[in-house]
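Please read the structure below before turning to the comments.
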Amino acid sequence: MSAAESAVETIQREMTIFARRARASAGRMHPELSLVSYTLLGHLEERGGCRATDLAAHYALDKSTVSRQVAALERAGLIERRLDPEDHRVQVLHLTDAGQEILAQVTRSRRAAFRERLADWPEEDLVRFAAYLERYNAGPAGADSD
């Protein structure tokens, strides 16, 4: 196996471990908020609201998966549906005040956890790691297989 092939294997393994940790920590930070829920709330905040079909398309998720997540977030009072002011046939999902507060809480907790985990890293390593992650995530969407 070449050094590049070995590195790709290591990256795949380590990214899988990272994803498992992220899923596990999401539940510890807020019991009602799965990693998917947190991600959807973050997207709604970032976009200022959007349709459920937009969420499904953006995250390449099945519409039924998004529908279940949206229903759970609505029941928890974290999101609400509003009519689109430009097309009253369309409902747009928005964060409620409670949704904004929970998202802010979880975001603060996650940032603190990252800061703690990376506290010993030299600044140049942090900058390089951040750039590598941005580069990886900017890759073609169809290349994801996780």
Point-to-point distance, once rounded to the nearest 0.5 Å, from [atom1] of [X] to [atom2] of [Y]:
{"X": "H94", "Y": "I79", "atom1": "NE2", "atom2": "CD1", "answer": "10.5 Å"}
{"X": "L61", "Y": "L40", "atom1": "CG", "atom2": "CG", "answer": "7.0 Å"}
{"X": "L55", "Y": "T65", "atom1": "CG", "atom2": "OG1", "answer": "12.0 Å"}
{"X": "E101", "Y": "L103", "atom1": "CD", "atom2": "CG", "answer": "9.5 Å"}
{"X": "M1", "Y": "E9", "atom1": "CE", "atom2": "CD", "answer": "5.0 Å"}
{"X": "L93", "Y": "L78", "atom1": "CG", "atom2": "CG", "answer": "12.0 Å"}

Tell me, yes or no, whether the heavy-atom count around D97 atom CG, taken from other residues, nucleotides or ligands under 6.0 Å, exceeds 12.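 12 or below, so no.
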Taking atom CD as the centre, does E86 end up with more than 12 heavy-atom neighbours from other residues, nucleotides or ligands that are less than 6.0 angstrom away?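 At most 12 heavy atoms, drawn from other residues, nucleotides or ligands, come within 6.0 Å of this atom.
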If you compare all heavy atoms of [X] against all heavy atoms of [Y], which two are closest, and at what distance to 0.1 Å?
{"X": "G77", "Y": "A98", "answer": "O-CB, 3.7 Å"}
{"X": "L73", "Y": "S37", "answer": "CD2-CB, 3.9 Å"}
{"X": "H88", "Y": "L83", "answer": "O-CD2, 3.3 Å"}

Taking only distance into account, with no hydrogens and no angle test, what donor-acceptor pairs under 3.5 Å do side-chain atoms of residues 111-132 form with protein atoms, sequence neighbours excluded?
{"unit_1": "D125", "atom_1": "OD1", "unit_2": "R128", "atom_2": "NH1", "d": "3.1"}

Can you find a pair of side-chain heavy atoms, one from [X] and one from [Y], that are under 4.5 Å apart?
{"X": "T107", "Y": "Y38", "result": "yes"}
{"X": "H43", "Y": "D54", "result": "no"}
{"X": "R81", "Y": "V92", "result": "no"}

Holding to side chain to side chain donor-acceptor pair (under 3.5 Å), I want the full list of residues that pass it with D84, two or more places apart in sequence or in another chain.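 By the side chain to side chain donor-acceptor pair (under 3.5 Å) rule, D84 matches no residue at all.
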Verify the distance criterion only: is there a donor paired with an acceptor across the side chains of T16 and Q12 at less than 3.5 Å?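 Result is yes, a qualifying pair exists.
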